[in-house]
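See structure below.
The sequence lines fix the lettering, A, B, ..., with proteins before strands; numbering per chain opens at 1.
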Amino acid sequence: MEELEFWLLDASYDIIDGLPEVQLWGVDKSGRRVLVVDRSFRPYFYVVPSGDLESVMRGLSSALAAYGLLSLEPVQKKYYGKPVNSIKVVLRNPRSVPEAREAAAKVRGVGEVLEADIRFYMRYMVDNDIRPSAWHYVKVKELPKPANLHVDAVYMAVERPVYVGGPPPSLRLYAFDIECYNRYGEPLPERDPVIMISRATKEGVETFTADSGEASLIKEFLEDFWSVDPDVVLGYNSNRFDIPYLLKRAHENGLKLKLGRNSGEPAQSVYGHFSVVGRANIDLYDYASELVGVKLKTLDAVAEYLGLVKRSERVLLDASRVYEYWDKPELRKTLAQYSADDARSTYLIGETVLPFAIQLSEVVGLPLDQIFAASVGNRVEWFLMRQAFKHGELVPNSRERKEETYKGAIVLTPKPGIHRNVAVLDFSSMYPNIMIKYNISPDTYVPPGEEVPDEEVYVAPEVGHRFRRQPPGFYRKVLEELLRVRREIVRKMKELPPDSEEYRILEERQKAVKVVTNAVYGYSGWAPARWYMREVAEATTAWGRVLIKETIKFAQQIGLNVIYGDTDSIFVYYDPDRVQKLIEYVEQNLGFEIKVDKVYTKVFFTEAKKRYCGLLADGRVDIVGLEAVRGDWAEISKDIQEKVVEIVLRDEDPWKAAEYVRSTIADLYSGRIPLEKLIIWKTLAKELDEYEVDAPHVQAAKLLAKMGYRIYKGMKIGYIVTKEGGGRVSERAKPYVLVRSPQEVDAEYYVKHQIVPAALRILEYFGIREEHITSTRRQATLFDFFGT
DNA sequence: GCCTTGAAGTTACCG
DNA sequence: ACCGGTAACTTCAAGGCG
């Protein structure tokens, strides 16, 4: 018997002689890649009887005999906080769980079948507090290594592994990107070969080409892949494109795309991702889709945004013309460099983001390869499921529900104009703290019919929902734990030098804990959630509204002028003494923490809510909600608005800004604005045929579809409004790739509907009107005057 | 038949 | 595929006017 410490990279299971074997793939302390198997765990689910326990046991016993029933064990659990006698149904094989679940549900006296939809390796990890992306200690016996398993050693767990924590080991990263022949439009894997594959590792970038045929390219790639034997496989849009494409092409060439440490191919798995057994396959596009700072999430834009690869320092080419670069021998080198740059960017993004992914994976409990692929709701849910297990709570089933709406937060109407020296006060974790304070939870909710003494419940304002004060509800326990853990991490960080490895890990960890904490309220009002309850979400926002109103009331009482507020923040003139008084009042009388989040030396509002701009104490310009920070306005309008904001805030000279707008409009009319700055990007939020109105981007997408492009939901459509086509904007909207010259552009549209609105959004307040920025240039006017 | 107006459809933001 | 609140665009049909 030996002792082993390993860092869990991936989990899977297999059936050996009709019995399941959990497989934990990892890295040990000496950097060996290891597999720890555990054959001692069996799949199970719970039955909650509505009738007599004994007779349900008998019924289950006969109904499940055919499904490899191993045991029926009465167990005490809690369901929505109430003790229930339930039956743990243990089976031989995870694959029979779905059928056994159906059979169990039909047994007379069975109320509910619970936790029958939890994947076997997840069940194993939850029950044993084994966490992905974390170190574990385990007593093992070494096993002979089967030929198909590519690890340094295989061990049989003698006991269950124990979570121990610690910094992650050094992992081998392998980023890759493929290029496909696309002479006939979108490359089709049935038709078009892969022509290049680039990969980037710590060692550098390499590009393989199909000069000697596609089969040899794929073989070369496989050989390289195995020579690196990576722990983390990185791609950009790889789950939707590169991997399925490569798989298909490998098969067309009679090859197997053996990438897994179990010699298996990538397999379609949960949340639309491909799993590569024994490794973490991460599609960084999933991460990028959550990056709010980048609007158009191309690989090069994301790499630049993260400060990794400047677009000016890499090869960029029109992806639809990849085939030309392949067909023309003199251009192949450029294509190779493009491909290499993509792989390198992917590698660098992966390297940058991995520390956060690792922490989120450990905190939430989802394997590293699933953590970005899973939605926010699913991440919260997996965290909750682990917590439920710890508290002996049964996990409610997911089910379809109709969506119910409810009232949300309050947004104040701002006081228009430039305000000086303004402090923004924010409630710290407002919703989590409300849920904790009033014990808001599905298991503490008291439905209208139920009689409970008034002093035993909290009653939500406006909506009247009641929640028991005691015992602590599930959400309260979970949120208190999350807040406690985060405080603890932040406390530890303060004792460390900010440039230390440990500090950086903790920084990522506190971020991970924070995102989970902040998502719990939203989760509670998400109809598909297992722990959904409209009343919970509704009561939370109701208390939030009262809280912010009371805060505003007191602020005004002590003479603090409230300029604006949204949900959990208020903007006031920064009078430090009064602000301090307000902070103390909120803490002592309302029981919540409020902090000065930022201070604007100047902040500008129009009448509109959720849109403003300001100058921060450090000199930075902050733009919130306005066109300049939106992804669906042409770059030209955003640039102009940004400039206008800067001039108005820094120089306080709106007429100077107006002059700037006027000169840029002149540039547009004379064709001096590059076409890229005129592209308007909009997401196709539905399938093309589901649209009721032909909006400009829908029309543009239809044109693309006609040309043979694959159009899909979620796609960003970039269009330019041209002169030719008809009266409606949509009739003149052309996919940007079809617009070749500034002559085609409808400059008037851009002036009237893009530049003027964006500029006037700010300038109108100062008395500047459309004619002031669109009239002919001053020189021309003077010329006209003297010339006639 | 043309123009105005407001509702509906649509997207992306804020916190 | 976490929530509701919000602004702002374009389309589209109804209504007013002549």
Side-chain angles (χ1 to χ4, degrees), chain A residues 270-272 286 289-290 292-293 295-296 373-381 383-384 398 400 403-414 424 426-427 429-431 515-534 536-538 540-542 544-545 548 564-571 597 606-612 622-634 637 680-686 690-699 713-714 716-717 719 721 726-733 749 752-754 756-758 760-761:
Chain A
V270 283
Y271 314 125
D286 290 331
S289 59
E290 290 174 42
V292 290
K295 308 298 168 182
L296 193 59
S375 70
V376 172
N378 285 118
R379 289 178 206 164
V380 170
E381 192 146 276
F383 180 80
L384 293 176
S398 6
E400 295 238 359
E403 305 209 337
E404 307 168 279
T405 56
Y406 61 91
K407 214 165 142 193
I410 287 182
V411 187
L412 302 187
T413 305
V424 183
D426 261 8
F427 278 88
S429 304
M430 187 204 241
Y431 286 164
V515 299
V516 176
T517 313
N518 290 344
V520 170
Y521 147 73
Y523 171 87
S524 75
W526 178 46
R530 292 174 188 266
W531 280 279
Y532 167 80
M533 189 175 272
R534 191 203 80 234
V536 164
E538 197 170 39
T540 305
T541 57
R545 291 192 296 273
I548 194 90
Y564 178 64
D566 184 350
T567 311
D568 62 348
S569 71
I570 60 167
F571 291 50
D597 178 47
T606 65
E607 303 82 21
K609 299 170 175 182
K610 295 187 184 275
R611 325 184 107 215
Y612 55 93
D622 196 19
I623 301 182
V624 180
L626 294 166
E627 285 75 7
V629 296
R630 292 179 63 98
D632 58 349
W633 283 73
S637 335
I680 298 165
W681 291 94
K682 274 196 161 65
T683 305
L684 220 49
K686 316 186 226 188
E690 293 173 54
Y691 280 93
E692 295 179 49
V693 220
D694 277 330
H697 70 299
V698 177
Q699 277 298 331
K713 190 156 82 170
K716 285 258 193 215
I717 307 291
Y719 65 89
V721 179
R728 285 191 292 268
V729 182
S730 58
E731 292 172 275
R732 287 177 284 124
Y749 170 84
K752 263 190 89 149
H753 298 273
Q754 287 277 320
V756 166
L760 286 191
R761 201 81 63 215

Heavy atoms under 4.0 Å, any strand shown: does [X] hit a base, just sugar-phosphate, or nothing?
{"X": "A:Ala409", "result": "sugar-phosphate"}
{"X": "A:Tyr691", "result": "sugar-phosphate"}
{"X": "A:Tyr564", "result": "nothing"}
{"X": "A:Arg761", "result": "sugar-phosphate"}
{"X": "A:Tyr271", "result": "nothing"}
{"X": "A:Val380", "result": "nothing"}
{"X": "A:Arg728", "result": "sugar-phosphate"}
{"X": "A:Gly408", "result": "sugar-phosphate"}
{"X": "A:Thr405", "result": "sugar-phosphate"}

Report the residues that fulfil ring-ring contact (aromatic ring centres under 6.0 Å, His included) with A:Phe571, sequence neighbours left out, ordered by chain and then residue number. A:Tyr564, A:Phe605, A:Tyr612
Counting side-chain heavy atoms from CB outward, which of [options] is closest to [X]?
{"X": "A:Trp633", "options": "B:dC13, C:dA8, B:dG15", "value": "C:dA8"}
{"X": "A:Lys686", "options": "B:dT10, C:dC2, C:dT10", "value": "B:dT10"}
{"X": "A:Val624", "options": "B:dC14, B:dG9, C:dA1", "value": "B:dC14"}
{"X": "A:Lys610", "options": "C:dT10, B:dC14, B:dT10", "value": "B:dC14"}
{"X": "A:Val693", "options": "B:dT10, C:dA8, C:dC2", "value": "B:dT10"}
{"X": "A:Lys609", "options": "C:dT10, C:dA7, B:dT10", "value": "C:dA7"}
{"X": "A:Ala608", "options": "B:dG15, C:dA1, C:dA8", "value": "C:dA8"}
{"X": "A:Ser730", "options": "C:dT10, C:dC2, C:dT11", "value": "C:dT11"}

For the pair made of [atom1] in [X] and [atom2] in [N], what is the distance, rounded to whole Å?
{"X": "A:Ile717", "N": "B:dA12", "atom1": "CD1", "atom2": "P", "answer": "11 Å"}
{"X": "A:Arg732", "N": "C:dT10", "atom1": "CZ", "atom2": "C1'", "answer": "11 Å"}
{"X": "A:Leu626", "N": "B:dT11", "atom1": "CG", "atom2": "C1'", "answer": "16 Å"}
{"X": "A:Asp632", "N": "C:dT10", "atom1": "CG", "atom2": "P", "answer": "11 Å"}
{"X": "A:Asn518", "N": "B:dC14", "atom1": "CG", "atom2": "P", "answer": "16 Å"}
{"X": "A:Glu538", "N": "C:dG5", "atom1": "CD", "atom2": "P", "answer": "10 Å"}
{"X": "A:Phe427", "N": "B:dG15", "atom1": "CZ", "atom2": "P", "answer": "15 Å"}
{"X": "A:Arg630", "N": "C:dT10", "atom1": "CZ", "atom2": "C1'", "answer": "14 Å"}

Flag, side chain of [X] to backbone of [Y], donor-acceptor distance under 3.5 Å:
{"X": "A:Lys295", "Y": "A:Val629", "value": "yes"}
{"X": "A:Lys682", "Y": "A:His697", "value": "no"}
{"X": "A:Glu538", "Y": "A:Tyr406", "value": "no"}
{"X": "A:Arg545", "Y": "A:Gly408", "value": "yes"}

Protein-nucleotides 3-6 of chain B N/O pairs under 3.5 Å:
none

Does a side-chain N or O from A:Lys716 land closer than 4.0 Å to OP1 or OP2 of B:dT11, or not? no
Between the side chains of A:Ser730 and A:Gln699, is a donor N or O closer than 3.5 angstrom to an acceptor N or O? no
For A:Gly525 against A:Ala537, the heavy-atom pair lying closest together: CA-CB, 3.7 Å
